Each structure stands twice: as C-alpha cells, then as structure tokens.
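Here is the structure we will look at, set down as structure tokens.
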Amino acid sequence: MEATLVTIVHELFGIDIAVTTSRPEPQFGDFSTNVALQLAGRVGKPPREVAELIAAKLRETNNYADVSVAGPGFINITLADSTLLSALSAPAPSTESHTYVIEYSCPNAFKEFHTGHLYQTIIGDIIARLVETAGHTVHRTSFGGDVGLHVAKCIWGMIATLGGELPEKLASVEATPFARARWISDCYVRGAGAYEESDEAKVVINELNKTIYSLHTQPDNQSAIAQLYWTTRQWSFDYFDAFYDVLHVDHMHYIPESETMPIGMDVVREQLEKGNLKESEGAVVFEGDETKHLHTRVFVTSKGLPTYETKDIGVIWLERRDYNFEKRILITGNDQQEYMRVVFAAAELFRPELTGEMTHLTNGTVRFGDGSKMSSRLGNVTRAIDVFNVVREKVSELVSDETLVDSVTLGAIKYVFAKYRLGGDISFDIDETISLAGNSGPYIQYAHARARSIVAKSTLEPSMPEDAALDPAERNLVRKLGEYNDAVSRATNELAPHHICNYLFELAQEFNRFYELSRVIGHEREALRLWLVGRYADTLAAGLGLLGIDAPENM
RNA sequence: GCCCCGGUAGCUCAGCUGGAUAGAGCAGAGGACUUCUAAGCCUAAGGUCGCAGGUUCGAACCCUGCCCGGGGUACCA
C-alpha cells in the first residue's frame with residue numbers, strides 16, 4: 001500500500017516521498033495516510049485538493065473497498081472484507097538475522113534477588129524472546145560480582161556466624177537453594193553492619209577483600225577461607241538457577257567478574273600504552289570529553305584494583321570473543337546510564353568496530369504504590385521471592401484450581417512489569433498486581449480461557465470465511481486481529497515489550513465487545529464465528545507466549 | 001554548576017519519528033442482560049498534556065528558557 005502511494009505521488013507530482021500509513025479509528029477506515037498534508041506545501045495546492053487527486057488514483061486500482069478524503073486532508077482507505085481476512089494469514093515480515101548478546105538480570109553473587117532484579121529479569125527475558133522470535137540468534141548473559149568488597153563483608157559475616165573459619169559447619173545450613181541464599185544474605189547484612197560500625201572489622205574485611213581476589217589469581221581450594229568462598233559462591237549460582245526456574249524464564253550464561261577482570265586489565269595495559277587511558281593521581285583514568293558531556297572515570301584505582309569500568313570492558317571483550325556478537329543489548333538500572341555512556345565511549349575508542357553495535361536499555365526504580373523507594377541498604381530489601389510469595393498467596397485465594405496458581409501468579413507479575421514503557425520508575429502495588437480485572441495478566445489469561453471454552457463447546461468445525469461479508473462486530477475483531485504483527489514488530493524494533501501488552505488488552509476489549517453482540521454457539525454463522533474465536537484465542541496465546549506467560553485452556 | 005531521565009484525568013499509566021474530538025485501567029456515578037466463563041459489556045462524568053515563549057497550515061510530541069521530582073558528576077556500580 002505504501003509502495004502504491006509512493007508511485008502515485010511520483011506520477012502525479014514528480015516527488016519522491018516516504019509514505020507512512022497508520023491505523024485510524026474504525027470510523028475512518030482501515031488505513032490512513034497524511035501524505036497529502038505533507039505534500040500540500042511543496043506542491044502549492046490545498047491539502048484536500050492534493051488528497052483528492054491521490055484518492056482518485058487509488059480508486060482506479062480497484063484494490064480497496066473505499067477511498068475517501070476527510071478532515072484537513074487525510075486519505076482514508078477501507079479494505080474489502082476478503083482483503084482484511086487474507087491479511088490475517090500473512091506471515092510476519094522477516095528480517096535479516098544477526099547474532100545478539102543480551103545481558104540482563106545481573107545479580108551479584110552472595111546477594112539475594114530484590115524487586116529490581118525481578119523487574120529486569122522479566123523484561124530481559126521478554127526482550128530476548130522477541131529478538132529471537134524475529135529470527136536472530138540470541139545469547140543470554142548475566143554479569144555480576146563474585147569478588148569485591150560486598151563479598152568480603154559477606155565472608156566476614158559467615159566467619160562471625162559460624163564462630164570461626166569453619167567451612168565444615170556450612171553443613172548445618174538448610175540445604176535448599178533459597179535457604180542457603182537467605183543465610184548468605186544474613187551474613188552479608190552482618191558483615192556490612194560491622195564494616196560501618198567497627199574500625200577493627202573494617203580492617204579485617206579490607207584484608208579479606210584482597211585475600212578473595214588472590215583466590216582467583218593464585219588458585220587455592222584448600223584453605224578454610226577458600227573452602228568457604230568456593231562453596232558459598234556455588235550456592236549463589238545454584239540459587240540463581242533455582243530462582244529462574246521459579247520464574248519460568250530462560251537461563252542466562254553467568255559471567256562472574258573474576259573472569260572479566262583479567263581481560264579488562266589486559267585491555268587497560270594495552271590502552272595505557274596507546275595513550276587512550278592516562279595515569280592520573282596514581283590511578284588509571286579514561287578522560288571524559290566535556291564537549292560530549294562524558295565524565296572522567298577511573299579504570300584502575302590508585303591501589304591498583306580494577307573498578308567496574310575495567311570489568312565492564314572485560315565483559316564486552318569476553319562476550320565478543322565467545323559469541324562474536326553483531327549486536328549487544330545491555331539492560332541495567334537507569335542510575336547507570338551516564339556511567340555506561342562512558343564505558344561504551346571507551347569501548348568504541350579502544351575497538352572502533354564496536355561502534356553502533358551496543359545498545360543500553362535502562363529500567364527505572366521499582367517503587368511501592370505509596371511512592372517510597374525500595375532500598376537495598378543493609379539488606380533492607382524487598383526480596384523478589386517475597387513478592388512472588390505474596391502474590392501467589394493472594395492468587396491462591398482467588399483461583400480455585402491449584403494447578404493454575406503458579407501460571408496466574410507469574411501471569412500477574414510478568415504482565416505488571418511488562419506493561420510499562422521501559423525507562424521510568426514504575427509503581428508496584430501488590431493489590432493492583434493481583435487484580436484480575438483491567439489491564440492485567442490474569443485478565444488476558446482469562447480472556448483466552450473463555451474463548452477456548454467457546455470453541456470447545458461447539459460441535460461444528462470452524463471454517464474460515466472465504467467471501468463471506470462480515471458484520472460490523474466481526475469486522476472490528478478481524479481488523480484488530482490484523483494488527484498483531486504490527487504490534488509485535490513495533491515491540492521488537494523499539495525493544496519495548498509494553499506495546500504487546502497494550503495490543504493484547506485492546507484485542508481482548510474488542511473481542512468482549514464482539515462477544516456481547518454476537519451469539520456464537522447455535523447461530524447460523526457459528527462456523528465462521530468459531531473460526532474467529534479460535535483465531536483470537538491463538539493470537540492471545542501467541543502474545544502471552546512472547547511475554548513468557550502461560551495461556552491455560554481453562555480457568 | 002554541568003549532564004541524563006521523568007512531569008498527560010483523583011490514582012497508575014499509554015500516546016511522543018508533529019496531524020482528525022488527547023486514550024485506557026483503577027477509584028467514584030448511572031445502566032442493560034439475567035441464554036455460549038460477568039475476571040465482562042454500555043453510558044455519562046473527570047484533562048490549562050509542569051509553566052512561558054518559539055517554529056509550523058497544524059505541537060502532548062520539535063526548539064529555547066524556567067519550575068518540580070529522581071539519578072549522575074574520578075577511585076561503589
């Protein structure tokens with residue numbers, strides 16, 4: 001359609017212009033273009049006159065049921081019912097295939113997942129699936145700290161809790177991934193508190209920090225500290241997997257900092273020689289460019305320790321080495337936006353071939369309904385698993401079938417995070433999350449189950465309407481169903497999953513309107529309507545699938 | 001100070017590559033049906049799109065300035 005318009009415009013006015021069409025409100029037709037408005041100035045004629053000239057040409061093609069000019073000069077196009085129906089069977093446009101690395105979730109070892117991780121894990125999982133569904137190869141990665149001060153605080157806390165450097169006493173901790181993670185977290189809180197309150201502990205912890213780094217540089221599996229560290233580090237990794245299983249998300253390959261650090265340090269040495277990094281006040285820094293508003297950042301501290309800048313460079317180099325990515329998408333909290341700009345700028349300076357290959361998406365802070373911020377200070381976090389459990393409890397009260405509880409719980413949680421545009425802070429309200437009404441996961445799941453039950457109830461075979469004229473309610477539903485591919489490709493291209501939520505909700509509303517007006521079972525148009533209902537259920541299921549949400553047959 | 005992100009209905013948010021009366025959900029008001037899952041449908045009400053200029057035939061959307069909230073601003077990430 002766009003191509004036809006481009007040709008017509010060229011023939012009429014000798015102007016080449018990019019034509020876009022949009023989906024107007026039903027009263028105006030199926031497609032609309034404002035090309036006449038854009039041309040009016042250049043052609044020197046009133047917009048409506050331009051529109052009429054183009055509309056006349058469009059009518060000559062006989063491809064459309066109606067072409068009209070409205071408002072200031074919009075050209076509205078109405079398709080024949082058969083065209084609208086055949087569009088439903090059109091496959092999604094294929095794109096060229098690339099190799100992607102998508103990095104998200106990124107929990108630190110020795111810590112628990114909090115609500116921010118929950119949000120980011122769900123969003124990352126959806127984005128990865130969208131990109132994969134579009135035909136690309138996707139490698140999911142997650143990057144986090146298995147060395148560093150937070151680990152030292154934690155190990156200090158373990159020693160205090162166990163009453164000494166006694167790795168054998170770890171056996172007394174309840175041997176489930178979540179219990180172990182909880183225990184580690186308690187130790188961290190203890191260590192972090194001691195670090196603040198006791199100068200003595202602070203000295204010990206700083207010393208421990210160096211020891212832990214050395215466990216990687218001079219492999220040690222024997223000492224008590226080493227046993228404590230390697231055992232509980234593995235507990236953390238096991239806990240990550242257990243958590244992802246609870247969420248029913250794809251696992252990512254975890255890249256610990258200890259692995260990227262040496263790679264980053266090699267890069268630092270190399271770039272220092274090249275002059276891309278400079279020594280300053282005993283540290284190695286990347287000098288920011290004031291004109292580009294890039295901060296100066298430290299890559300190696302005056303104590304010779306790598307900062308996250310170096311580790312982040314390391315992870316980029318590692319991912320490039322292991323996956324040879326063509327595109328890299330990184331998702332972090334939006335507090336890292338400025339910081340990451342510098343890392344990307346440095347990476348592109350060090351390796352110009354990376355320019356333009358990396359995208360940084362940021363998620364906002366998860367806030368409670370009352371606007372307060374969830375804090376991770378001293379372990380005062382809202383744990384992700386608590387959120388899951390609270391929602392699950394509420395859902396079990398409302399859903400009678402026990403086997404559906406997990407599906408609906410995850411449907412509610414994933415949907416509530418997916419429906420916001422990425423970037424801004426989001427408001428998290430438990431009551432709203434478990435609400436089954438309105439724009440929610442369970443609403444869509446229920447809408448799907450309802451449609452399935454209608455199909456199941458009929459004894460007829462659904463039949464796709466060939467030349468049958470559609471009544472207005474049917475037509476509106478078909479029209480909306482036809483927008484699925486647009487919604488998905490928009491979500492994929494913009495890396496914005498919320499477009500899918502919006503679409504699915506609008507589709508369900510459209511169907512409910514249809515369903516109020518249109519008897520299915522027992523009606524003379526039963527077979528045709530059955531086909532529509534089935535098609536609708538399939539579309540909802542597909543959309544929910546992209547969001548990583550189950551679509552139960554019955555609810 | 002400088003930079004980044006946000007400010008749209010009472011609340012939570014869509015809409016932002018400029019276009020037709022600014023849309024949903026929740027909350028609140030009214031209604032229909034009482035036959036396919038009502039977790040639904042319909043109607044009305046609710047908005048100086050933070051403020052002020054500018055560009056344009058046309059601005060919630062682009063530009064400038066300001067106000068408010070959050071974040072960042074060399075050894076935390």
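Predicted model only: the values in this text are computed from it and were never measured. Lettering of chains follows the sequences in order, A, B, ..., and the numbering in each one begins at 1.
The aromatic rings of Phe428(A) and Phe417(A) sit parallel, their planes meeting at an angle under 30°, below the 60° perpendicular limit. Taking the six-membered ring where the residue is Trp, Phe240(A) and Tyr254(A) present tilted rings, their angle falling between 30° and 60°. Using the six-membered ring where Trp is involved, His114(A) and His117(A) have ring planes that are tilted, between 30° and 60° apart.
Of the listed nucleotides (G40(B), G25(B), U37(B)), G40(B) has the atom at the smallest distance from the side chain of Tyr443(A). You'll find that the side chain of Ser453(A) is closest to U37(B), out of C13(B), U37(B), C75(B). Considering only side-chain atoms of His295(A), the nucleotide from C75(B), G72(B), C16(B) that sits closest is G72(B). Checked against C75(B), U12(B), C41(B), the side chain of Val298(A) finds its nearest nucleotide in C75(B). Closest to the side chain of His498(A), out of U73(B), C75(B), A14(B), is A14(B). The listed nucleotides are A20(B), C75(B), G25(B); the one nearest the side chain of Phe505(A) is G25(B).
The partner of G1(B), taking Watson-Crick or G-U wobble pairs whose two distances both stay under 3.5 Å, is U73(B). Under the Watson-Crick or G-U wobble criterion, with both distances below 3.5 Å, C49(B) has no partner in any strand shown. When both distances must be under 3.5 Å, the Watson-Crick or G-U wobble mate of G6(B) is C68(B).
For C4(B) and A9(B), the P atoms lie 25 Å apart once the distance is rounded to whole Å. Rounded to the nearest Å, the gap between the P atom of A60(B) and that of U8(B) is 15 Å.
Residue Arg297(A) has a polar side-chain atom (N or O) positioned under 4.0 Å from OP1 or OP2 of U73(B). Regarding contacts with the backbone of U37(B), a side-chain N or O of Lys457(A) is found under 4.0 angstrom from either OP1 or OP2. At the phosphate of C4(B), neither OP1 nor OP2 sits under 4.0 Å from any side-chain N or O atom of Arg341(A). The shortest distance between the side-chain N/O atoms of Gln27(A) and the OP1/OP2 oxygens of U21(B) is not below 4.0 Å. Contact between the side-chain N/O atoms of His448(A) and the OP1/OP2 oxygens of U37(B) is not found at any separation under 4.0 Å. The side chain of Arg490(A) contributes an N or O atom lying less than 4.0 Å from OP1 or OP2 of C16(B).
A residue-by-residue look at Glu516(A) and Asn502(A) shows that Asn502(A) has its nearest nucleotide of RNA chain B further toward the 5' end. Looking at which nucleotide of RNA chain B each of Thr296(A) and Glu338(A) is closest to, the 5′-most match is held by Glu338(A).
Under the stacking definition used here (centres under 5.5 Å, planes under 30°), the residue Phe28(A) qualifies as stacked on the base of A20(B). The aromatic ring of Tyr420(A) does not sit over the base of C13(B); the criterion of centres under 5.5 Å apart with planes under 30° is not met.
Taking the ring axis of Tyr188(A) as reference, the NZ or CZ atom of Lys111(A) stays within 45° of it and closer than 6.0 Å to the ring centre.
The backbone N or O of Arg367(A) sits nowhere less than 3.5 Å from a side-chain atom of Thr365(A) that would complete a donor-acceptor pair.
Between Asp538(A) and Arg452(A) there is a salt bridge, since a side-chain N of the basic residue sits under 4.0 Å from a carboxylate O of the acidic one.
Counting atom types as modelled, Glu494(A) pairs no side-chain N or O with a base atom of U17(B) as donor and acceptor under 3.5 Å.
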